Enquirer: 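Pasting a structure here, questions to come.
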Amino acid sequence: MALQTGTMVKPRCTAILSIFLVCNIVTVSHGKKPVMTTLTDERVLELSHLQGTSADGVIELDSESFDKFTSGSRRPYQLIVFLGAKHLMDKPKLHLRELRQDYGLTAKAHRDRFQRSEPEGKLFFAELNFERRTEEVFRRLGAQSLFIFRLSSTMNVSPGGNIKLRNQDILKPETQPVNVDQLVSFVRDRAGIDIGKVEKPTAFQAWWFPFLAITFLSSLVYIAYKICYADFMQNMVVYALATLAVYWFSVSGAMHNIIRGMPMVTIDPNTKAPRYFMPGQGQLGTEGFVMGSLYTCVGLAFGLVVYIAPKAKAASTQRMLAYGGIFIAYVCLSQVVGVYSWKTGYHWRKYI
């Protein structure tokens, strides 16, 4: 009986001991991992929160937060950092404001595209502005100018230590133009994340554009109505001047100059003097305007002979106006024919 009791007790003790050892092994194996996972997830969660609360997805850093999110030899995320300076934003030669807007558009497109997806939390866009509190960070980076850089997840960064960036991880606006497309290419090539095409917002996409368009068109219709029924519009002189302006614009080749981008004047390669008329088939802008003015003068001269001279009361005045109009038309037409002969080499015969 005693033997049977001892035989029953021994297996029970062995089973209890085995269960206890297994529980200790599971506790030990899982007890160390939450420490690293918790610390890592805290930084990712904090960065994700800052990214979500930012208007354009760019996290603003200072010296303390920079050390917090960059320290260590391994991080589960990469950082794209924009080195800026608020006191230089209004410098037109630097184009910092336009660059910052493109950087914000890229960050916002990345946040919106990968929200609640697998790449979320693997890349964050940040901004570090030069000021007294961040001057030490700029010194550690060796930044002599403002640029954009990538901090890889495996780069060892110690608090207070110098950070040696590789040239391929730096995007300098002073050496190459940087816009949205360059930023997207930089992120794709260096971080391995394709953001895709980033569309720049235009005024046509703004919420207030339809109201502005309706207001503008209504105002335009109202102004056109007022002008159409104004007293001065009933004056025939206005219509005559408008007709002459349209005619002169048509015969002077203005549309040709606009479409082809013809210059008004060229420089003679031999004499270095300005040249207003070009021999051959080409025509400069000044030549077109001169020829158009001569055509217009010929038309006005014949109008003087046909319409104005007959209305004069005295016969002598009629003859003077008619002969004057004919003389003006002859001089202008002679100039046109002379330019044509000079350009083409053909000469006209006069049968007078």
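Because the structure is a prediction, the values reported are computed rather than measured.
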Enquirer: Keeping Thr286 on the side-chain end and Met264 on the backbone end, is there a donor-acceptor pair under 3.5 Å?
Expert: yes

Enquirer: Answer whether the closest heavy-atom distance between the side chains of Leu284 and Thr266 falls below 4.5 Å.
Expert: yes

Enquirer: Measure the shortest side-chain to side-chain distance between His110 and Phe124 over non-hydrogen atoms and say whether it is less than 4.5 angstrom.
Expert: no

Enquirer: So Phe186 and Val178, do their side chains get closer than 4.5 Å, heavy atoms only?
Expert: no

Enquirer: Side chains of Arg133 and Glu64: closer than 4.5 Å at any heavy-atom pair?
Expert: no

Enquirer: Rounded to the nearest 0.5 Å, what separates atom CG in Leu79 from atom CZ in Phe69?
Expert: 9.0 Å

Enquirer: Treating Arg43 as the side-chain partner and Arg75 as the backbone partner, does any N or O pair qualify as donor plus acceptor under 3.5 Å?
Expert: no

Enquirer: Quick one: does any side-chain atom of Gln78 pair with a main-chain N or O of Ala191 as donor and acceptor, under 3.5 Å?
Expert: yes

Enquirer: Rounded to the nearest 0.5 Å, what separation is found between the CZ atom of Phe216 and the CG atom of Leu220?
Expert: 5.0 Å

Enquirer: Nearest 0.5 angstrom please: Ile163 CD1 to Leu141 CG, how far?
Expert: 4.5 Å

Enquirer: Does atom NE2 of His256 have more than 12 heavy-atom neighbours from other groups under 6.0 Å away?
Expert: yes

Enquirer: Would you please test Arg139 and Glu136 for salt bridge (charged side-chain N to carboxylate O under 4.0 Å, His left out) and show each step?
Expert: CA-CA 5 Å; Arg139 184 195 63 79; Glu136 180 64 19; 2.3 Å; yes

Enquirer: So do the side chains of Glu199 and Gln205 get within less than 4.5 Å of each other, counting heavy atoms only?
Expert: no

Enquirer: Compute the ring centroids of Phe327 and Tyr323, then answer whether they are less than 6.0 Å apart.
Expert: no

Enquirer: Any non-hydrogen side-chain atom of Leu99 less than 4.5 Å from a side-chain atom of Tyr103?
Expert: no

Enquirer: May I ask you to test the Leu304-Leu300 pair for a side-chain heavy-atom distance under 4.5 Å?
Expert: no

Enquirer: If only atom types and distance count, is the side chain of Arg275 paired as donor or acceptor with the main-chain N or O of Asp268 below 3.5 Å?
Expert: no

Enquirer: Before you tell me yes or no, could you show the steps for Ser158 and Asn156 under side-chain hydrogen bond (donor to acceptor under 3.5 Å, both in side chains), namely the whole-Å CA-CA distance, both residues' side-chain angles and the distance that decides it to 0.1 Å?
Expert: CA-CA 7 Å; Ser158 59; Asn156 187 13; over 6 Å; no

Enquirer: Determine whether the aromatic ring centres of Trp248 and Phe289 lie less than 6.0 Å apart.
Expert: yes

Enquirer: So how far is it from Leu88 CG to Leu94 CG, rounded to the nearest 0.5 Å?
Expert: 6.0 Å

Enquirer: Is there side-chain contact between Phe138 and Leu128, with heavy atoms separated by less than 4.5 Å?
Expert: yes

Enquirer: Is it true that Asp56 and Arg100 make a salt bridge, defined as a side-chain N closer than 4.0 Å to a carboxylate O?
Expert: yes

Enquirer: Distance from Gln51 atom CD to Lys108 atom NZ, nearest 0.5 Å?
Expert: 11.5 Å

Enquirer: Do other residues, nucleotides or ligands put more than 12 heavy atoms under 6.0 Å from the CZ atom of Phe302?
Expert: no

Enquirer: Please report the closest heavy-atom contact between Ser252 and Asn257, naming both atoms and the distance.
Expert: O-ND2, 4.4 Å

Enquirer: Kindly compute the distance separating NZ (Lys86) from CG (Leu96), expressed to the nearest 0.5 Å.
Expert: 13.0 Å

Enquirer: Taking atom CD of Gln144 as the centre, report whether more than 12 heavy atoms of other residues, nucleotides or ligands fall under 6.0 Å from it.
Expert: no

Enquirer: Any chance NZ of Lys343 has more than 12 other-residue heavy atoms, nucleotides or ligands included, within less than 6.0 Å?
Expert: yes

Enquirer: Evaluate the criterion salt bridge (charged side-chain N to carboxylate O under 4.0 Å, His left out) for residue pair Arg190 and Asp169; output intermediate values, then yes/no.
Expert: CA-CA 7 Å; Arg190 304 309 307 155; Asp169 289 333; 3.0 Å; yes

